[in-house]
Amino acid sequence: MAADDPATEAFATHRSLLFTVAYQVLGSAVDAEDVVQETWLRWSRVDLDAVRDRRAYLVRIATREALGRLRALGRRKESYVGPWLPEPLLTAPDVAEDVELAESLSLAMLLVLETLGPIERAVFVLRDVFALDYAEIAEAVDRTPAAVRQIAHRARAHVAERRPRGTASPDETRAALAAFQRAVETGDLRDLLDVLAPDVVILSDAGGFKQAVRKPVVGAEKAARLLAARWDVLGARTSTEPVRLNGGPALLLRVDGVLDGIVAMRVEDGLVTGIYLLRNPEKLSRVDRETAVGR
């Protein structure tokens with residue numbers, strides 16, 4: 001790509017936006033990166049004189065590519081071993097300053113988006129996260145503006161019923177993770193039990209590559225027993241490192257000094273309602289180097 005070429009300049013300007021759109025539609029950084037590359041190939045063949053709004057045009061291409069890939073990704077998920085979690089991203093500290101973007105990138109919100117249909121998900125992301133107008137979204141998803149408005153309304157209501165209640169501040173999430181960290185380091189789960197909601201859910205994603213519980217674990221007592229059993233086996237060999245993943249606080253887990261997984265949490269009204277343990281090595285390539293996101 002020539003740096004002084006107008007097409008290249010426009011693409012480079014909006015690259016992080018395109019990745020973020022694709023990532024939020026897909027929940028997979030690998031697939032989102034492929035979408036960005038396909039977007040460039042298509043964009044490089046466009047007659048720029050016929051393009052009124054380059055940002056909107058690029059987003060339209062990326063959205064269409066993401067929707068096509070989302071259907072293939074859905075088929076892969078059907079045969080996935082155990083719970084499927086989105087691929088986590090190491091993000092810059094300033095992402096947290098954009099509260100809406102940080103919330104939309106969280107693993108908890110991405111899991112909520114998994115409950116939407118493909119078109120609903122794309123419309124919700126483009127409208128509620130990136131504030132595109134209905135006409136622009138209509139061109140991206142091949143619907144009329146009136147239809148897009150109705151889809152956006154349904155998707156917004158669907159998400160509102162399932163999104164975290166009483167969204168936690170970063171400090172509350174860090175406090176919950178600190179209790180988890182102390183449990184790992186000391187084997188004492190009491191502090192962690194104090195912040196677990198009675199209906200807490202643990203999702204463990206190892207993709208069949210490592211040992212993991214293949215069904216959600218529901219309830220504070222069951223969650224505590226699972227965590228206690230894990231630390232009895234690996235506690236002395238496990239170390240943790242606080243990081244910022246998907247715009248919020250999280251932990252890297254290392255066993256014998258080697259990256260083994262990540263821990264993120266869903267915190268509502270001061271209590272942990274979701275614990276996400278991701279150990280699939282194919283999903284850990286972006287937790288030790290920052291990924292640029294934006295809108």
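Inter-residue side-chain proximity for H14 and V36 is flagged as unmet; no heavy-atom pair is nearer than 4.5 Å. F19 places a side-chain heavy atom less than 4.5 Å from the side chain of L89. Contact check for S104 versus L101: side-chain heavy atoms found under the 4.5 Å cut-off. At least one side-chain heavy atom of L245 sits under 4.5 Å from a side-chain heavy atom of L90. Under the 4.5 Å side-chain criterion, counting only non-hydrogen atoms from C-beta, I262 is in contact with L107. Taking 4.5 Å as the limit, some side-chain heavy atom of N280 sits within range of a side-chain heavy atom of Y80. At least one side-chain heavy atom of I137 sits under 4.5 Å from a side-chain heavy atom of R127.
Listed by chain and number, the hydrophobic cluster partners of F209 come to none, as no ILVMFWY side chain reaches under 4.5 Å of it.
Under a 3.5 Å cut-off, the side chain of D205 and the backbone N or O of L85 do form a donor-acceptor pair. Under a 3.5 Å cut-off, the side chain of R71 and the backbone N or O of L67 do form a donor-acceptor pair.
When all heavy atoms of W84 and L26 are compared, the closest pair comes out as CH2-O, 4.0 Å.
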Under 3.5 Å, which donor-acceptor pairs link side chains of residues 287-295 to any protein atom two or more places apart or in another chain?
{"unit_1": "R289", "atom_1": "NE", "unit_2": "S285", "atom_2": "O", "d": "3.4"}
{"unit_1": "T291", "atom_1": "OG1", "unit_2": "R286", "atom_2": "NH1", "d": "3.1"}
{"unit_1": "R295", "atom_1": "NE", "unit_2": "D98", "atom_2": "OD2", "d": "2.9"}
{"unit_1": "R295", "atom_1": "NH1", "unit_2": "V129", "atom_2": "O", "d": "2.6"}
{"unit_1": "R295", "atom_1": "NH2", "unit_2": "D98", "atom_2": "OD1", "d": "2.8"}
{"unit_1": "R295", "atom_1": "NH2", "unit_2": "D98", "atom_2": "OD2", "d": "3.3"}
{"unit_1": "R295", "atom_1": "NH2", "unit_2": "E100", "atom_2": "OE1", "d": "3.4"}

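Note on residues 44-58: no pairs pass side-chain hydrogen bond (donor to acceptor under 3.5 Å, both in side chains), not counting sequence neighbours.
Around atom CZ of R214, no more than 12 heavy atoms belonging to other residues, nucleotides or ligands sit under 6.0 Å away.
For N246, the side-chain hydrogen bond (donor to acceptor under 3.5 Å, both in side chains) partners at least two apart in sequence or on another chain are Y23. Shown here are the side chain to side chain contact (heavy atoms under 4.5 Å, CB included) partners of D128, two or more places apart in sequence or in another chain: F124, R156. Residues satisfying the side chain to side chain contact (heavy atoms under 4.5 Å, CB included) test with S204, not counting sequence neighbours, are I202, A212, L277.
A side-chain donor from one of R162 and H158 sits under 3.5 Å from a side-chain acceptor of the other.
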